[in-house]
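Before any comments, here is the structure.
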Amino acid sequence: MSSASTPRVRFAPSPTGYLHVGGARTALFNWLFARHCGGTLILRIEDTDFERSSEEMVEGILVGMRWLGIDWDDGPFYQSQRLDLYRQTAEKLLASGHAYHCFCTKEELEQRRAAAIAAGRPPMYDRRCRSIDPNVAAERKTSGEACAIRFAIPEGGNTSFDDAVFGRVEFANSEIEDFVLLRSDGIPTYHLSVVADDIDMRLTHIIRGADHISNTPKQVLQYQALGAPMPVFAHVPLILGPDKTRLSKRHGATSVISYKDMGIVPEAFRNFLALLGWSPGPSQKDREIFGSDELIQLFSLDGISKSNAVFDNDKLAWFNTEYIRAYPAEKLLPLIEEEWDRAGFTPARSRDEILAAIDLLKPRARNLKDFATVFRAYFSDDFEYDPAAVTKFLSDGAVRALLSELSHRYAVGADFTEASTEATLRAFAEEKGIKAGQLINGSRVALTGQAVAPSLFAVMAQLGKERVVQRLAAVDKMVPIGDV
RNA sequence: GGCGCCAUGGUGUAAUUGGUUAACACGCCGCCCUCUCAAGGCGGAGAGUUCGGGUUCGAUCCCCGAUGGCGCUACCA
């Protein structure tokens with residue numbers, strides 16, 4: 001069974017927003033780490049900020065995780081339901097003299113802070129309540145006076161920890177504030193709830209964003225005060241936008257689920273994310289495409305880099321096309337069906353025809369949405385003609401007439417193979433004294449509604465004689481926009 | 001402002017841990033292929049490793065400083 005040596009990690013999102021890419025990557029790294037070493041991944045919802053937390057956001061986070069294929073072994077636990085643990089922990093700290101009651105009001109604090117800043121002093125809490133006799137404080141509290149509980153930072157010395165990715169990080173205690181553990185309303189602050197839970201859940205590794213480095217000494221001090229075993233901290237560099245500032249809404253999509261909406265294959269997104277701030281090292285020289293099993297096998301904390309990474313949409317797009325191309329049609333189909341559902345599109349072909357069409361189209365797909373938009377003509381007769389394509393290749397009435405005539409050739413022809421359709425068209429072109437390319441381009445638009453498509457004769461074979469004849473003939477009645 | 005962290009082409013990462021013409025991928029440009037667009041093949045531009053000092057026979061790699069970026073600096077998480 002589980003022993004002290006099996007790693008226990010957690011992903012602890014705050015449901016104050018959807019699952020964003022930074023959070024997703026933290027979740028991914030924790031998941032890869034846990035799966036790599038047969039550890040346990042715990043999901044914990046940090047919802048102690050009642051103002052900003054919501055059940056919808058929790059659901060959104062879970063949806064994002066499921067989409068990415070990240071599962072967890074325990075939880076989700078909600079901090080809002082574990083308030084007793086935090087209060088007990090605060091009491092323990094109080095009893096051992098590591099914490100004290102603070103009767104300063106929020107207004108007083110703000111006032112003093114402003115004054116300190118104005119005077120050019122560091123705006124740290126002045127610790128005035130730290131000298132109140134504990135017994136006096138207890139009396140004041142029982143008499144109903146509102147108070148918070150603050151942690152008493154040691155007077156001198158330093159607090160340090162050995163980060164698995166950044167190495168030794170040290171802070172002077174004089175720089176650390178006597179932060180609030182428990183607010184006057186009895187709700188814990190993040191600093192208390194994280195360590196109370198991390199200790200209670202017996203976590204061995206804390207893998208989280210580098211934005212928490214500065215918070216870590218406050219937590220280390222609590223572990224020490226509580227006599228709890230210190231976990232390994234591993235801070236992961238942040239993900240930045242193209243302008244190298246922290247990724248935010250300004251940069252466009254930051255919600256993981258919006259990438260699903262853009263037609264990204266989840267496995268591609270995961271692969272892309274894994275390589276943002278992590279590298280499998282030179283043993284995997286020149287390789288970038290890794291399935292989830294490979295990522296799990298390869299993942300290690302020491303492959304995590306220290307510098308922030310810029311999120312590059314072009315690279316993501318490349319991963320996406322690679323995955324679409326590599327997936328067998330059967331694997332792509334359910335993902336495509338989702339797009340069809342969302343678009344309200346119903347394919348009017350047999351399953352085999354659909355699979356064949358997917359195989360034909362996937363080398364040219366940029367994302368999953370293409371199958372519900374520009375590729376519709378391959379799955380149904382209900383599709384639209386791209387006006388630009390029509391204008392470009394079907395403006396010429398003579399061409400349209402020839403295509404109509406060509407459709408008769410196909411109709412009466414015996415064979416209808418890739419080779420025969422091409423031979424027929426080229427012979428027809430020569431006979432009519434027109435360049436084959438003109439008829440090919442025109443046919444392409446007539447058959448697919450698009451100027452871009454796979455090789456025309458492969459398309460014909462895919463559509464079948466009936467449809468080809470019918471669509472080519474239909475073109476003669478078409479009057480292009482702007483055509484006179 | 002204070003404290004902390006980081007720094008390799010535009011982007012993501014490599015460089016057997018001091019010895020390489022600094023590699024690969026994305027992106028970009030050109031050529032080939034060609035019925036369109038991709039793909040593919042071939043070729044190219046783009047960093048002397050932010051800058052300045054050290055240490056060393058020798059620094060991307062070690063030390064110091066500067067600069068820049070990011071993070072933290074709440075009774076948010």
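Chain naming here is simple, since letters A, B, ... match the order of the sequence lines and numbering starts at 1 in each.
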Open item on the list: Taking 4.0 Å as the cut-off, does a side-chain nitrogen or oxygen of S279(A) come that near to OP1 or OP2 on rA14(B)?
Closed with: yes
- [ ] May I ask you to say what A453(A) touches in the nucleic acid, namely base, sugar-phosphate or nothing, with a heavy-atom cut-off under 4.0 Å?
- [x] base
Open item on the list: Less than 4.0 angstrom between a side-chain N/O of R366(A) and OP1 or OP2 of rC37(B), yes or no?
Closed with: no
Open item on the list: Taking only the C1' atom of each, what is the distance from rU17(B) to rC62(B) in whole angstrom?
Closed with: 11 Å
TODO: Using both distances under 3.5 Å as the test, list the Watson-Crick or G-U wobble partner of rC62(B), or none.
DONE: rG54(B)
Open item on the list: Can you confirm whether or not the ring centre of H212(A) sits under 6.0 Å from the ring centre of Y190(A)?
Closed with: yes
Open item on the list: rU34(B), OP1 or OP2 - any side-chain N/O from S455(A) closer than 4.0 Å?
Closed with: no
Task: d(CH2, W318(A); P, rA25(B)) in whole Å - done: 9 Å
Open item on the list: Is the phosphate of rC75(B) approached by R150(A) (side-chain N or O, under 4.0 Å from OP1 or OP2)?
Closed with: yes
Open item on the list: So, OP1 or OP2 of rU73(B): does either fall under 4.0 Å of a side-chain N or O from R113(A)?
Closed with: no
- [ ] Figure out the CG/P separation between N158(A) and rG4(B), and round it to whole Å.
- [x] 10 Å
Open item on the list: OP1 or OP2 of rU11(B) versus the side-chain N and O atoms of K244(A): is any pair under 4.0 Å?
Closed with: yes
TODO: Tell me the partner of rC3(B), counting only Watson-Crick (N1-N3 plus N6-O4 or O6-N4) or G-U wobble (N1-O2 and O6-N3) with both under 3.5 Å; none if nothing fits.
DONE: rG71(B)
Open item on the list: Whole angstroms only, please: what is the CG-P distance between N173(A) and rG2(B)?
Closed with: 20 Å
Task: Electrostatic pair D198(A)-R44(A), nearest N-O below 4.0 angstrom - done: yes
Task: Selected nucleotide, minimal atom distance to N308(A) side chain, candidates rC3(B), rC35(B), rC70(B) - done: rC70(B)
Open item on the list: Looking at R168(A), I'd like to know whether one of its side-chain N or O atoms comes within less than 4.0 Å of OP1 or OP2 on rG4(B).
Closed with: no
Task: N271(A) (side chain) donor-acceptor with E288(A) (main chain) under 3.5 angstrom - done: yes
Open item on the list: Rounding to an integer number of angstrom, what distance separates rC76(B) and rU50(B) when you compare their P atoms?
Closed with: 41 Å
Task: Rounded P spacing from rA25(B) to rC35(B) in Å - done: 30 Å
TODO: Tell me whether the centres of the aromatic rings in F371(A) and Y378(A) are closer together than 6.0 Å.
DONE: no
Task: Salt-bridge present (R82(A), D197(A); N to O < 4.0 Å) - done: yes
Open item on the list: With a 4.0 Å limit, can you tell me whether R246(A) has a side-chain N or O closer than that to the phosphate oxygens OP1/OP2 of rC72(B)?
Closed with: yes
Open item on the list: Taking 4.0 Å as the cut-off, does a side-chain nitrogen or oxygen of K306(A) come that near to OP1 or OP2 on rC6(B)?
Closed with: yes
Task: Separation of atom CZ in F319(A) from atom P in rA25(B), rounded to whole Å - done: 12 Å
TODO: Hunt down the Watson-Crick or G-U wobble partner of rU36(B), both distances under 3.5 Å, from any strand shown, or write none.
DONE: none
TODO: Please report the closest heavy-atom contact between V459(A) and L360(A), naming both atoms and the distance.
DONE: CA-CD2, 4.2 Å
Open item on the list: Once you apply a heavy-atom cut-off of 4.0 Å, does S14(A) come out as touching a base, just sugar-phosphate, or nothing?
Closed with: sugar-phosphate
- [ ] Just compare rC72(B), rC75(B), rC3(B) and give me whichever is closest to any side-chain atom of R183(A).
- [x] rC75(B)
